[in-house]
Amino acid sequence: MKQYLDLLQAILDNGVSTGDRTGTGTFTLPGYHYTCELSQDANGVIHDFPLLTTKKMSLKSVFEELIWKLNGDTNIRWLIQHENHIWTEWPFKKWLQQTGQTGLLNNMWKDDEKTDYTDEWKQRKKEFEQQILTNDTFCKKWGGLGRTYGHQFRRFGEVSVSDLDPEIQEALYYGIDGPIPRPLIKGKDQLMDAIDLIKNNPENRRIIISLWNPQDVNKTLLPPCPCFYQFFANEPGMLHLNMYQRSCDTFLGVPYNTAQDALFLCLMAHVTGRKPGRFNHFFGDAHIYLNHIDQVKEQISREPHQLPSIKLNPDVENILDFTWDDIELIGYEHDEKIKGAVSI
């Protein structure tokens with residue numbers, strides 16, 4: 001996918017060296033954009049799907065995280081059950097911090113370049129995931145990510161008792177017996193609202209899903225990175241999507257972000273009786289972590305293969321009914337994986 005490789009080169013050529021939340025350091029480019037043009041033929045095959053070919057990627061992992069978000073889930077148990085571990089490290093870090101195991105955090109990587117994790121760290125993470133899978137109490141306490149993607153997709157603006165100041169809670173519920181209603185204010189289901197608008201008001205310029213809620217930024221382990229979606233249904237029979245990503249881990253995250261939200265466009269087009277068209281990916285803080293520079297250079301040196309195609313099961317009508325078996329990946333040629341440590 002040449003657009004992605006051009007982004008990497010642009011950051012190397014024009015990015016500035018900055019510090020960051022994780023302490024790793026980055027080269028950062030403030031603002032970039034590329035376009036992925038999809039086309040669907042008469043047999044339902046969607047061509048030029050933007051799945052990176054200069055390293056191997058798992059479309060299955062891309063799909064599983066997407067459907068997890070769209071279902072409104074914010075706990076990692078479902079992902080781990082599907083052998084998807086991309087979100088484990090954030091709640092794992094919180095568990096280590098709050099249970100006095102900070103020594104593992106201090107020695108999280110084997111060297112200053114943050115290239116790998118210690119064997120002890122890996123073993124403790126494996127034990128953590130096992131507890132998430134088998135212990136309901138542990139899972140509820142430690143497996144949640146807070147008000148991130150799934151919450152904002154399906155319950156944006158929800159207000160519960162815990163959102164109120166303690167004195168307000170006491171004033172409202174003093175002397176009341178029985179369960180306290182949850183939630184106090186029902187959140188907005190932005191996903192279903194968007195589907196309804198595409199079907200019934202396609203010329204609307206407000207077919208928007210915003211995952212950025214300032215009230216909830218401190219109520220999640222990581223606020224959404226892809227955070228603003230605008231669908232365009234005013235071209236008959238077609239559906240287009242603009243997506244703005246505020247923070248972009250360009251080596252590790254961006255290839256998955258592009259593939260995932262291109263797939264989101266395909267699923268939304270499918271359930272609204274349209275064909276997917278243009279996916280515009282807008283980048284806010286596009287950065288390369290300093291411990292990924294060698295991997296990025298290796299990535300850029302590779303020659304892209306022809307992009308693959310996908311085909312969706314025509315019998316699926318509800319977006320939440322999609323399973324991995326409903327997606328066929330066609331003609332995916334790729335180079336070998338390139339590993340890199342995630343900075344948390």
Side-chain angles (χ1 to χ4, degrees), residues 17-28 55 57-58 61 64-65 68-69 73-151 216-225 246-257 285 287-296 337-344:
S17 180
T18 70
D20 73 286
R21 171 185 54 81
T22 72
T24 309
T26 68
F27 281 124
T28 296
K55 70 176 181 182
M57 290 183 56
S58 169
S61 294
E64 287 169 346
E65 186 195 18
W68 171 75
K69 293 176 180 179
D73 201 346
T74 58
N75 191 291
I76 63 172
R77 173 181 274 185
W78 188 90
L79 292 174
I80 298 173
Q81 288 171 338
H82 290 77
E83 299 183 354
N84 189 318
H85 308 278
I86 59 175
W87 276 105
T88 297
E89 296 189 20
W90 282 267
F92 178 55
K93 178 182 179 181
K94 179 182 177 182
W95 176 66
L96 292 176
Q97 288 173 327
Q98 296 191 6
T99 56
Q101 302 178 76
T102 53
L104 276 176
L105 291 175
N106 295 334
N107 299 287
M108 210 166 119
W109 289 281
K110 290 180 179 177
D111 54 55
D112 291 339
E113 301 301 320
K114 298 186 176 181
T115 56
D116 204 353
Y117 305 102
T118 64
D119 291 339
E120 183 183 5
W121 188 94
K122 292 176 183 177
Q123 180 60 33
R124 195 60 58 84
K125 179 186 171 187
K126 183 178 180 180
E127 294 169 358
F128 174 80
E129 288 190 325
Q130 187 62 28
Q131 285 276 74
I132 294 293
L133 288 173
T134 60
N135 186 324
D136 290 345
T137 302
F138 186 92
C139 177
K140 184 177 180 180
K141 183 174 182 178
W142 298 111
L145 299 173
R147 295 187 175 183
T148 188
Y149 296 95
H151 180 94
D216 288 344
V217 168
N218 295 323
K219 297 174 183 176
T220 176
L221 297 185
L222 186 69
C225 293
R246 64 165 184 92
S247 179
C248 321
D249 178 350
T250 310
F251 173 67
L252 282 180
V254 164
Y256 280 88
N257 301 135
D285 188 311
H287 51 265
I288 297 171
Y289 282 104
L290 297 184
N291 59 324
H292 293 160
I293 297 297
D294 290 341
Q295 292 96 322
V296 165
K337 290 182 178 180
I338 306 176
K339 293 183 179 180
V342 63
S343 293
I344 60 172

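Computed from a predicted structure; not experimentally measured.
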So does L105 get a backbone contact from the side chain of T102, meaning a donor-acceptor N/O pair under 3.5 Å? no

Salt-bridge test for E127 and R124: reply yes if a basic N is under 4.0 Å from a carboxylate O, no otherwise. yes

Run the side-chain contact (heavy atoms from CB on, under 4.5 Å) test on N75 and L145 for me, step by step, so that the C-alpha distance in whole Å, both residues' side-chain angles and the decisive distance to 0.1 Å come before the verdict. CA-CA 6 Å; N75 191 291; L145 299 173; over 6 Å; no

Please check: side-chain N/O of T148 versus main-chain N/O of L222, any donor-acceptor pairing under 3.5 Å? yes

Using atom types as modelled and distance alone, determine if a side-chain donor or acceptor of D20 lies under 3.5 Å from a backbone N or O of T24. yes

Would D116 and K122 count as a side-chain contact (heavy atoms from CB on, under 4.5 Å) if you check the C-alpha gap in whole Å, the side-chain angles of each, and the deciding distance to 0.1 Å? CA-CA 10 Å; D116 204 353; K122 292 176 183 177; 3.6 Å; yes

Could you pull out the closest heavy-atom pair between T74 and H151, with the gap in Å? CG2-N, 3.5 Å

Taking the six-membered ring where the residue is Trp, are the ring centres of F27 and Y289 under 6.0 Å apart? no

Heavy atoms of other groups near K219 NZ, more than 12 under 6.0 Å: yes

Checking K69 against Y149: charged group under 6.0 Å from the ring centre and within 45 degrees of the axis? yes

In terms of ring plane angle, is the pair W95 and F128 parallel, tilted or perpendicular, where the classes change at 30° and 60°? tilted

Does F92 have its ring centroid less than 6.0 Å away from the ring centroid of W121? yes

